[in-house]
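Contents: one structure, followed by commentary.
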Amino acid sequence: MIRIRGLNKRYGDFDALTGIDLDVAPGEFLVVLGPSGAGKSTLLRCINRLAEPTSGEIHIDGQLAQSGGASLRGLRRQVAMIFQHYNVVPRLSVQKNVLTGRMGAVPSVLSWLQIFPRKDVAIALECLRRVELQDKAGLRTDTLSGGQKQRVGIARALAQQPKVILADEPVASLDPKTSRTVLNYLKQASRELGITVVCNLHQIDYAREFGERIVGVSGGRIVYDGGPEGLTDEVLKRIYPGLDEGDARSRSAPAVAAAAAPALSQLKLEEASA
Ligand SMILES: Nc1ncnc2c1ncn2[C@@H]1O[C@H](COP(=O)(O)OP(=O)(O)O)[C@@H](O)[C@H]1O
Ligand SMILES: [Mg+2]
């Protein structure tokens, strides 16, 4: 479903991604694991063309991903995003937030006026049912908890009826119990609907628990590609170079979290400009 060959991304003279080759199969739930600054967000942004690769090719469902014009619109329809900070519109109802996922499919005049055909409302409600928020459809989104807002984020992505969902640290702002709930909804929807998911995470525990396949990224390169059982101490040290043995063994040591904490302010800026 996603085929990446020779992807490089430079910012000035800094190599954010180097020589990325990656294939993601249809319906696969892939976790990209790596510390802050590893290049995880840059990878997702290159896939949906929020960032322009310096070189290399990305095919989505057989189509070459390109910037500009119809091909970019086609790409954006097929690829949905889920963000760390949810990116929901607080004052809109839950249902309207999910309906924004239908905007690419509805005539723009109608969606500007926030008028959606009955069929699209039905799709939105069905997506809310998948994350068990159908009862909250009419509430203002700012009355929901963080975990519920992210479930709205998942429902909005599903409402787009995409082939691919790119989730950029979707649970980085949530407590562990809520994080697991949210990741479960995402994984279950992906499995039931056959949607290919690339999910960036920095927490080793969740990667082990949810990743059928894990791609470890460090310093802009892929340093591991395999199942959760292959995440040995040696592999973890490759992904998290600063990690000492004790940290690697305890697996969820605070040092890992600190080393892995994403640059929140930068992410917010990027999302705001996206
Ligand atoms: N727009 C940008 N301009 C310059 N450097 C950037 C930009 N976006 C990301 N970077 C740099 O690229 C590296 C990878 O960033 P990012 O993909 O956000 O990593 P991650 O998501 O794994 O934390 C970081 O060193 C970051 O500072
Ligand atoms: Mg990131």
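Atoms within each ligand, like the ligands themselves, are counted from 1 in listed order. Sequence positions, counted from 1, serve as the residue numbers for this chain. Just so we're clear, the structure is a prediction, and the values are computed from it rather than from any experiment.
Panel note: side chain Lys163, backbone Gly194; no donor-acceptor pair is recorded below 3.5 Å. In this structure a side-chain-to-backbone donor-acceptor pair under 3.5 Å is present from Thr141 to Leu92.
Other residues, nucleotides and ligands contribute more than 12 heavy atoms inside 6.0 Å of the CD atom of Glu126.
Considering backbone and side-chain atoms together, Ala38 places an N or O closer than 3.5 Å to an N or O of ligand 1.
Take Asp21 and apply the salt bridge (Lys or Arg N to Asp or Glu O under 4.0 Å) test, not counting sequence neighbours, and it matches no residue.
Ligand 1 has at least one atom lying under 4.0 Å from a heavy atom of Gly39. In this structure, Ala51 falls outside the shell of residues with a heavy atom less than 4.0 angstrom from ligand 1.
In this structure, of Thr42, Leu44, Asn200, Asp15, the residue bringing a heavy atom nearest to atom 15 (O) of ligand 1 is Thr42. Nearest to atom 20 (P) of ligand 1 by heavy atom, out of Gly37, Cys46, Ser218, is Gly37.
Residue Ala16 has at least one heavy-atom neighbour below 4.0 Å for each of these atoms of ligand 1: 12 (O). The Pro35 neighbourhood of ligand 1 comprises atoms 22 (O), with distances under 4.0 Å to a heavy atom of that residue. Near Phe14, the atoms of ligand 1 lying under 4.0 angstrom from a non-hydrogen atom of the residue are 11 (C), 12 (O), 13 (C), 25 (O).
Because the distance cut-off is set at 2.8 Å, Ser41 qualifies as a neighbour of the Mg ion (ligand 2) through one of its N, O or S atoms.
For the residue pair Ala137 and Leu128, the shortest heavy atom distance occurs at CB-CD1, 3.9 Å.
Pairs passing the salt bridge (Lys or Arg N to Asp or Glu O under 4.0 Å) check and including a residue from residues 64-87, sequence neighbours excluded, do not occur.
Glu132 and Tyr185 share a donor-acceptor pair across their side chains, judged by distance under 3.5 Å alone.
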